[in-house]
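Proteins come first, then strands; the chains are lettered A, B, ... in the order of their sequence lines, and each starts at number 1.
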Protein chains: 2
Amino acid sequence: MTKLISTIEQTGQCCPSVLASPLDAAQAADLARGFTALADPVRLRVLSILAASPDGEVCVCEFVGPLGKSQPTISHHVKILSEAGLVSGDRRGKWVWYSLNRERLAELRAALQPSG
Amino acid sequence: MTKLISTIEQTGQCCPSVLASPLDAAQAADLARGFTALADPVRLRVLSILAASPDGEVCVCEFVGPLGKSQPTISHHVKILSEAGLVSGDRRGKWVWYSLNRERLAELRAALQPSG
DNA sequence: CAATAACATTGACGAGAGTCGATGTATCCA
DNA sequence: TGGATACATCGACTCTCGTCAATGTTATTG
């Protein structure tokens, strides 16, 4: 807590940033987990399809064809994105509708933002 | 080329963005390579140390102690960052001074930027 | 209840990543 | 010329990741 306040005072930010000050091991591990979720072409395409969807929601079956991967593979990637906080799933009947978590994406973007 | 102009017209950006429009396989692969370079705590700490350095340059030997990794391991990570365009090395005598490539980092940040 | 559909989970496989000791290469100095 | 220093490369190991076939789970429908 003291460390968090110190970080805020030093950087003017609420989240660790790569460019603000040297990261300790824990901060670096947290950020690395986030970027790991972005470090796969299938997952990036899932996010981009979600972002481009008019109603902001896409069910899993709509990823399988366009991305050329099997249903278990898509399900695997969506789970990774979900655990990283980048997407959220909502079950309605047989379908699970996934939506983009733009706040989480903004956090990772902010970690690459210059401090000054 | 035609595709690039089309992308610029549609998105107002020069680089593929996750949030602008659905990524094709090649665009997604390119971005994934960039985020893969960021998806490791050691490499994030290397970048953060470079960003915090007063003169913007750090030689390899200054990473080894603080990061608690062997010299070959640090050299390996610096190479990955270099190949990803995120850092540049400059040999001066026995030392190799590495500096941060902020433009490349800005490109990856822009890929997470909302289009509207 | 049985059959179907959408999605998740499991198990297994090959490929790639992170790590370090040992070694190679380049540079400086005595 | 020889030794010492800084960094890169190699080889090997372990572990994780991406992938898919097979199977399980949940919900709808007849």
Item to check | Rounded interatomic separation in angstrom, taking CG from L38(B) and P from dA17(C) | outcome: 15 Å
Checklist entry - Does any residue of residues 63-78 of chain A have a heavy atom under 4.0 Å from DNA chain C, and if so, which ones, in number order? => result Q71(A), P72(A), S75(A)
Item to check | side-chain hydrogen bond (donor to acceptor under 3.5 Å, both in side chains) between S99(A) and N101(A), worked out | outcome: CA-CA 7 Å; S99(A) 57; N101(A) 194 336; over 6 Å; no
Item to check | Length of the line joining R45(B):CZ and dG18(C):C1', which is rounded to integer Å | outcome: 16 Å
Next on the checklist: In whole Å, I'd like the distance from the CH2 atom of W97(A) to the P atom of dA27(D).
Outcome noted: 17 Å
Checklist entry - Do the side-chain N or O atoms of Y98(B) get closer than 4.0 angstrom to the phosphate oxygens (OP1, OP2) of dA8(D)? => result yes
Item to check | Nucleic acid contacts - residues 84-96 of chain A versus DNA chain C, non-hydrogen atoms under 4.0 Å | outcome: K94(A), W95(A), V96(A)
Checklist entry - Quick one: does S48(B)'s side chain have a donor or acceptor within less than 3.5 Å of a partner on L23(A)'s backbone? => result yes
Next on the checklist: With a 3.5 Å distance limit and no angle check, can you tell me whether R109(B) reaches the backbone of R109(A) through a side-chain donor-acceptor pair?
Outcome noted: no
Next on the checklist: Under 4.5 Å side-chain heavy-atom separation, chaining through any Ile, Leu, Val, Met, Phe, Trp or Tyr, what else clusters with W97(A)? Say none if it is isolated.
Outcome noted: W95(A)
Item to check | Side-chain donor or acceptor of R45(B) paired with backbone N/O of L47(B) under 3.5 Å | outcome: no
Checklist entry - How long is the line joining NZ of K79(A) and P of dT16(D), in whole Å? => result 15 Å
Next on the checklist: What is the separation between atom CZ on R33(A) and atom P on dA17(C), rounded to the nearest whole Å?
Outcome noted: 20 Å
Please tabulate, one pair per line, all N/O donor-acceptor pairs under 3.5 Å involving side-chain atoms of residues 63-74 of chain A, not counting sequence neighbours.
| unit_1 | atom_1 | unit_2 | atom_2 | d |
| --- | --- | --- | --- | --- |
| S70(A) | OG | T73(A) | N | 3.3 |
| S70(A) | OG | T73(A) | OG1 | 3.0 |

Item to check | Main-chain N/O of H77(B) paired to R43(B) side chain as donor or acceptor, under 3.5 Å | outcome: no
Checklist entry - How long is the line joining CG of D40(B) and P of dC15(D), in whole Å? => result 17 Å
Checklist entry - Quick one: salt bridge (Lys or Arg N to Asp or Glu O under 4.0 Å) partners of R104(B), sequence neighbours excluded? => result E107(B)
Next on the checklist: Distance check needed: dA17(C) P versus F35(B) CZ, whole Å only.
Outcome noted: 18 Å
Checklist entry - For residues 72-90 of chain B, which residue pairs qualify under salt bridge (Lys or Arg N to Asp or Glu O under 4.0 Å), counting only residues two or more places apart or in two chains? => result D90(B)-R92(B)
